[in-house]
Structure formats: C-alpha cells, structure tokens
Amino acid sequence: MDLPANAMADEDDKTQRPDLPPFMVISPSDVEQAALVNTTFVFRRRDAFRLIIDLFLPFLRPMNTPDRSENVLPSNGSEYIPEPATGFVRAAKEARGLGDAQVQFFGAHTAQVKIARDWRFFIDNKIRKRDQWPILHAQALRGMLLNLTAQAAANGVSRVVMRKLYVALSSLALRLCPLEPSLWQDWIKDTLVALIATPATESAPDFLQIAVEEVRSADLLAAAKARMQASLRLALPFVMQLFTGHLPVRPDVSVNARLAWLKAVEAWVASALPGDELTSLVPILIELLRNRDSFVGTCDVLEEIMSKSALSGGKGTKVLTDPLLQWIASEGHLILQESLSNGGPDETSHAFCKLLLALGDHSTDYLVSKIDQPLVQTFLKVLLGFTGFPGWYGADEDESEMTLQFWSALQDSIIDSEFGDEDSSAKQASIKALDLELVLTLVRKARWPTVEEGFRTWAKDQKEKFQNFRRDLGDTLINTYYVLRDEFFNPILPAIVELLAPGGTPVGGWEGVEAAIYSIKTIQEAIPVGPNQNLSRVFGPEVLGKLPMQGHEQIRRTALDLVGSYATWFHAQDTPELLMNAMSYVVAAFSEPLLSLHAARALRDLCENNRKALSNHIDSFSNLYANLPSIPDTEKAKVLQAICSVIQALPLTDAIGPVEGVVAPLVVSLGESLNRAPHVSFEKARSSSDTNANIKAPEEARTSTVAQLHALSGCAKGLTNNTDPLLEFSTADEDMESVRLMDQARQDPRMVELRNKIIQVLTLAMSIWSADAEVGDAVSDLIKAITSLPSDNTLLSLPPGPVLELVCAAAQRQTTAVWLSLATMLTTQLDSATSNVSHLLGKADKTSNRDNDRAVVEKATAMLAQYTLTFLSAPSSMENSLH
C-alpha cells in the first residue's frame, strides 16, 4: 500500500514478510489524520483498520509481554493484514508527549469515524470493488473490535476512551444488524457477555447506555430502524436480568457500579422497556430510594419512567403512584425535615423535590380524585413545604420556583373535576384548606428582604431573578383565585388590616404589606368587574388610606400599580368615593420623582376608564395641571392624556374652553422651541444638492421640541373616544347626529385657530428636523394621534390633505419608512373622508370634495414616486437600506 510521507520502517522488527512493506510507526499526528480521513480515501479502509489495530494492541498487552505472530484479520487472497510488530511499543513510548489516554482516544475515535462515515455496501444494487473489503471481513472486524474493547476494559483503559469504543461498536452494529440477513443480530448480548467477563464493573452499563442512545438517535430508514428496535427487544430478557441483578444493594456491587446501572436503566426507559418490564423494575427502584448513596440516580430513573415511558401520562397508579405515596408518607418526608434542620437544601433534597414534581405531573388527576386521603394530603404538605422553603428564591434556595407549575396544573385539574355527592363535601373542604395555605405561603415567598436581611447586598441580576419569580408566582395565584373566588382574600385582608391597625410603620417593616398588596394586584384579570366587598376594603380607609404618602418607595410603587390595574373595576362602582380616594393617592405621588412613572401610568388608566365619573370633578384637575411644570417631561404626556380624557367626557360646548386652555400653551411652547432652532424653507431644501443632509439644531431646542410633540400627542390621544363600537350599539341617526355636533363644535373660531397653529408648528418642525430620527418618531406619533377617520374626529383632529402635503415635503428632504407609512395612512383617511363624511353630513358638494381629495392624492403619489426612485437610484442605496 502507499504510505504517507511520515511513515517509517521499523528497524527492530525481524519477523516482517519480505513481500510486504515495512510497518508504520504511529505518531499522534498520524492518529489525528486517520480520524479525519473522509471519503476521499487518502487511507484505504483496510489501512485505517490496520492503523487502529496497530495503535491499540501495544496498550492492551502488558508492556513486558512479547508480541505473538498471528493474523488479527484473515487474509483475503493477495490482501494480508499482519499483526503489528514490537516496533509499535516504541511508537507508544514516542507518543508519551501527548499521554497514553489521548492516543487511545484518537484511535477509538478513528474506528468510530471510519465505520460511521466510510462504510458503504451497495451502489446501484451492486457491491463496488473498493467496498468489498469491509463486507467480506465483517465477521472478522466485528470480532476484532469486540475483542479490543473487552481487552481494553480488562486492562483498565480510561472510561472516556471506553465510551468512545462503545460508540464505535454501536456504529458497527448499525451497519451490520439491519442487513438482510443480519450479520449481527445479537450485538448487544455478545458485547455484554464480553464485558461482564472483565473486572470493569462499569463497562457493561456504560455500553448499554450508549448503545440505546445511538440507536435512538440514528438516522435510519424505517425498515432499518425497525430491525434495530427488534435487536433491542431480542436482548431485552438478558438486559432485564442484568438490571434486576445489579440494582439492589449488594456487597459485590459498588456504589459507582450501581450508579452506572441506574444511568443505563434511565437510557432504556424511554425507548426500549415496555410496561411489563417497567412494572417489575419499579419496586426495586422504590426500595433503592432508601439508599442515600444512589438516591439521586434512583430519582432520575423514576422521573424518566413517569415522564417518558410506557407508564407516563397517569398510567400505572397502582404499581407506581400508590407505592411512591406510601414511601413519601413513611420515609420520604424526613428528607424535607433534614433539609430544614440543616438550614438549606442539598443535592438529596433537590432530587427529592424533583421526584415529587414528577409524581405530581404524572398523577395530577389521580391526586385530585384522592385529595382528601391521608397519603395524598401528606404528599401535598411535603410539596408545600418546598414551596415555602425558608429564605429567598435565587439567594437561599431554588426549589420554591420549581413547584409553581405543579400548583397551577393542580388548580386546573380541580376546576375540571366533578366530584360525586357522597364525597364532594370532604374533598371541597380539603381543597379549600390546601389553597388557603398555599395563598399564605406564596404571599410570604413574594416578600422582598429588608435592609437588615441583606437586600442591599443583592446584585442587579439577583433582583431581576426574584422579580421574575414574583411574576410567575402571580400566575399561580390567579389559578388559585379561580378555585377560591372571594375566599381568596380571607387569609390576606385580615393580615393586612392587622399590620396597619396601629398606624405608622408595621412591625417588621412594610415588606409584608407590600407582598400582600402585590398578590392582590396579580389576580386583577381574574376578578369580575362589579361590586366586591373585599376590594372596597382594599381601596377604602382600612388599607389604601393607611399606606404611606411619603418615602417607602417600594410599597407606594406597588400600591400605584395596584390602583392602575383595577382602573376598570372603579368604573362599575355605584359611588365615586373609592375612585376619588385612589385619585388622591395617585396625585400625591407626583411629588416623588422616583414614583412619577408609576403615578402617571395609574392616573392615565384611571382617567381613561372612568371619564364620565371624573368629568363631574373636572375642577379638581386644575391643581394637577398647575403642578405640571414640576412633573418630569417623560411623564407629562401621560398626565396630559389623562386630563384630556376627562375633558372628552364633557359636553362638546363645555369642552372647548378646557381644550384650548390645555393645548394652546403647548403650541406656544413648541413654537418657542422651534424659534430657537435654525430655520430652513422648503424651497431651500429642494434646491440643496445634498437631500440627505441633516440641519443641526441646538440640542436644548431639539430636546424641548421632542417633549412638546409628545405632550401634544398625549392630548390628542386623550380626546379620542374610547368607546368600543362593538360593545355599544347606535343607530344611523345617532351616528349622524354625533358627527354633526362634532362638526359644529369644530367650527368654533377658537378650535379653528388652534388647529391652524398646530399645523404651523408642525410644518416648522418637519422642515427643520425631518431627517432627525427621534423628532421624526415624535412627529409620526403626533400625526397618528391627531388625524383619524371622519367618524372619529375630535376637536383637535387635523384634515388629512394638508398633513399629507407636509409628509411629502418631509420625504423630499429624506425618504424614510416613517414618511411612507404615514402617507399610506393619510391616503386611506382621505378615501374614507370622501366616501363617508359628506354622506353623514348630507352635504351636496361631496363630488367636489372627492375631486379635490383625488387631486391631492395624485400629486402626493407623483411626488413620493419621484423621491423614492431618486433615493433608490443612488449608488449602494438599496444595500445600505438593509443595514
């Protein structure tokens, strides 16, 4: 054969046949090269397998044992594969720079690669000449690789190398077993027999684990896959005999060996063990739970059985669920007690918690059907103990978060269950007692630590992790509320009232009250809109009236979010007292900069959902508006939106004055900001050779402009009618009257002048900063809020035609997706205007209006097409637009 350039003759070998080339001295680089050989056949297959043999035999034979001449592979006519000579001992010594184990690993890897990648049998239903060698020597290769693996196990080759050899054996079986007829049907049993005869107690289970995983992940045709599965079933009696013999605690089975057998069982559970075999293994595994050395591994196997085996999905309650419940009641619960005594969870308690959750997920419906029985009660109490494990999630323990999904699933199963009359009362009592205890536990786990408890030592990511835990905890509380309904408040409200009764700071700080209020906030979406005595107490003087009005940002932030989340609930109350109490609490929070965001959101939600009720108290908003300069610019838009939403509920004639009073100062301020910026005319922009140039303005003027644009957007959004037409039916006459009244109010000289001024400042802003991304977004937000379909017009709504012209002018300066999107929206509004508004108003000149709007659209289309084509014709413009 052709030797690679770095091959050398072995001068010490005196037994070589003269008609054969001298043996190669194998260096680590040769091994790596062989492992990477692909279908280009730099080495022929027989050369690759001889390389493997040459590499391994010096390591498998004791170093002081002389080589004995024998052919490892049989001769095939002119092809003769001899045994390596003593020169390979020297090669191994030369490879000590990499270490023996590394050389062995690459040799095993070479075997696996050559089998997996370069083993071909049939091309066009014929055996190619160069593919004859593997199939002609399949039996010999099988025996050679099996013997090498057994010898390696007997001589204590490292476990990493052995696992690679098991992969090679499995790859060989995947080539030989599916053939018809099969060349290695009993590959699992043959390998196990060879490995069991060695003193390596972990070799057989390691092979079983790898073998079944390789079969499961192999990409085979359906027929070949079926034959491989049949080979697993053929070996099953022998495999089960090994499982049942090595899993029980015996003096002759070491802990490491038992753990290896457990890993093997875990691998076989999902794809190779039918229900009968699993049924025989379960008692052995449950008995093995008493052994702490293998407890974690046993739990892993049982979890696999309950989640992925033939017994998953609630099957096998008599052979699996009931025995586990009995073991938990008799011995398992002590693991939790030990963990509590030790001050924290350990590996054993963590595995026990996972086992409980696996059992709960497997048998949820069964547990609900037996929920009043002692065994199930014990199980639920133990699991509740993990939910309420002392300490804080993410800092002291992780088990509490693991249990949340089970509690949600249990509540869903309870809701779907139908109990018989004879045992309904007992089960309902058990469910109620459990859920009330669960609510108290979850509220306690939601509490933030105090400064004395180490809150300031928490890193940012730890705080975020705990915040996410509270969010998941809230989802569990929602499901619990669906079961308890109003009784959900029974353990929470009395505790809050008791803490707040003395006045001042509660004993233990505000953290406990904050956690309880947060829990009430999380269930908002589940509570029906309507009278609720429990919520009346929450938003009355007993709770909200006693919360702090200064300092204590955490409790106040949560209280503001609570008020905002229940904004729709206030709308259904008969009297406005609770609403006004909430409004007073929210407005007072604007004095704290850290709370302004939460206060603004709560105010916006309250005003948006309670317009009618608050419109009777419009005068009380004057103080809030007077304090507007002290509110951060980032939150002014939300406050103005809240005020305008209340103004919108007034009669149109009464709303004109307040709208002018709120909006006109904003327009003046926006004009002043724009006057501080450099001006540019449209004519100058058109004549400029650089249409993409951005005119730089003073940063202060630009920032003020953006803030004023957002404020105007807030006013426009607040004046928009929030009535859902699908929920409130109105006749055509009522619609016509509503449009007529709005059109009449819009003709008021004050509103006409105000809209004209808005168009002026909008024109100026777009002429100066049309190329600025932030200003462009603010302008886009304003245009979307202040233009609408004709039926949705407000006192501030601008006609779409003039605004479309402004958008086209801005697109001329710099064509962006913002302006093109706005042009599409405004064109749609023009079409709706010509087809609907004249009809609703009964105007006779609707044809004239249609012609005018058509002319506007045609002009805009021509302009936008020209600007867009000019933009796209620039060099590399299309490529740059993708970045």
Side-chain angles (χ1 to χ4, degrees), residues 607-608 611-616 618-619 621 640-641 643-667 712-725 728-762 782-805 825-826 828-853 856:
C607 294
E608 178 74 16
R611 299 185 178 199
K612 289 291 185 182
L614 291 175
S615 64
N616 298 325
I618 189 67
D619 294 339
F621 285 85
L640 288 170
Q641 180 178 347
I643 294 175
C644 288
S645 64
V646 177
I647 294 175
Q648 186 272 335
L650 296 172
L652 286 174
T653 55
D654 296 337
I656 294 175
V659 169
E660 182 185 23
V662 172
V663 178
L666 293 176
V667 177
L712 276 176
S713 299
C715 293
K717 292 175 183 177
L719 291 174
T720 302
N721 191 348
N722 67 338
T723 302
D724 189 346
E728 292 193 10
F729 175 77
S730 60
T731 63
D733 292 340
E734 291 173 339
D735 291 338
M736 183 180 299
E737 179 65 13
S738 176
V739 172
R740 187 190 66 79
L741 291 175
M742 177 58 70
D743 185 67
Q744 181 180 346
R746 284 172 54 83
Q747 301 307 316
D748 187 282
R750 292 171 292 178
M751 292 296 98
V752 173
E753 181 181 3
L754 183 59
R755 290 195 298 273
N756 290 335
K757 289 181 178 180
I758 293 175
I759 291 180
Q760 292 174 6
V761 294
L762 188 59
L782 174 58
I783 291 177
K784 291 177 181 178
I786 210 168
T787 59
S788 65
L789 297 175
S791 58
D792 297 326
N793 271 343
T794 69
L795 294 174
L796 289 184
S797 295
L798 300 180
V803 179
L804 179 58
E805 294 178 354
M825 181 195 73
L826 293 169
T828 303
Q829 292 177 0
L830 277 171
D831 180 66
S832 298
T834 56
S835 59
N836 295 328
V837 70
S838 298
H839 169 72
L840 289 174
L841 295 176
K843 292 184 177 180
D845 59 346
K846 58 182 179 181
T847 302
S848 176
N849 288 338
R850 183 184 297 273
D851 293 340
N852 292 336
D853 291 340
V856 171

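Numbers here are sequence positions counted from 1. Quick caveat, the model's predicted, so the values are computed rather than measured.
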From [X] atom [atom1] to [Y] atom [atom2], the distance as rounded to the nearest 0.5 Å:
X      : Y      : atom1 : atom2 : answer
Leu652 : Leu795 : CG    : CG    : 6.0 Å
Ile758 : Leu666 : CD1   : CG    : 9.0 Å
Leu719 : Ile643 : CG    : CD1   : 11.5 Å
Leu782 : Cys715 : CG    : SG    : 10.0 Å
Leu789 : Leu830 : CG    : CG    : 11.0 Å
Ile759 : Leu798 : CD1   : CG    : 5.0 Å

Donor-acceptor pair, side chain of [X] and main chain of [Y], under 3.5 angstrom:
X      : Y      : result
Arg746 : Ser797 : yes
Arg750 : Val659 : no
Asn756 : Val752 : yes

**OP:** Before giving the answer on side-chain contact (heavy atoms from CB on, under 4.5 Å), spell out for Ile647 and Ile618 the whole-Å C-alpha distance, their side-chain angles and the decisive distance to 0.1 Å.
**Re:** CA-CA 7 Å; Ile647 294 175; Ile618 189 67; 4.0 Å; yes

Once side chain to side chain donor-acceptor pair (under 3.5 Å) is applied, do any residues pair with [X], and if so which ones, sequence neighbours excluded?
X      : result
Ser645 : none
Thr720 : none
Gln744 : Arg740
Ser615 : none

Subject >> Val662 vs Leu640, side-chain contact (heavy atoms from CB on, under 4.5 Å): CA-CA, chis, key distance, verdict >> reply: CA-CA 8 Å; Val662 172; Leu640 288 170; 3.8 Å; yes

Original post:
Please walk me through it: do Gln829 and Val803 pass side-chain contact (heavy atoms from CB on, under 4.5 Å)?
Top reply: CA-CA 11 Å; Gln829 292 177 0; Val803 179; over 6 Å; no

Closest non-hydrogen atom pair between [X] and [Y], with its separation:
X      : Y      : result
Pro658 : Ala655 : CD-O, 3.3 Å
Asn793 : Ser788 : OD1-OG, 3.2 Å
Ser791 : Val739 : CA-CG2, 4.5 Å
Leu614 : Phe621 : O-CE1, 4.0 Å

Original post:
Under the side-chain contact (heavy atoms from CB on, under 4.5 Å) criterion, do Glu753 and Glu660 qualify, and how do the steps go?
Top reply: CA-CA 10 Å; Glu753 181 181 3; Glu660 182 185 23; 5.7 Å; no

Subject >> Residue pairs passing the side-chain hydrogen bond (donor to acceptor under 3.5 Å, both in side chains) test where at least one lies in residues 647-657, sequence neighbours excluded >> reply: Arg611-Gln648

Original post:
So which pairs with a foot in residues 712-723 pass salt bridge (charged side-chain N to carboxylate O under 4.0 Å, His left out), sequence neighbours left out?
Top reply: Lys717-Asp781

Original post:
Taking the side chain as C-beta and beyond, is there a heavy-atom pair between Asp792 and Asn721 under 4.5 Å?
Top reply: no

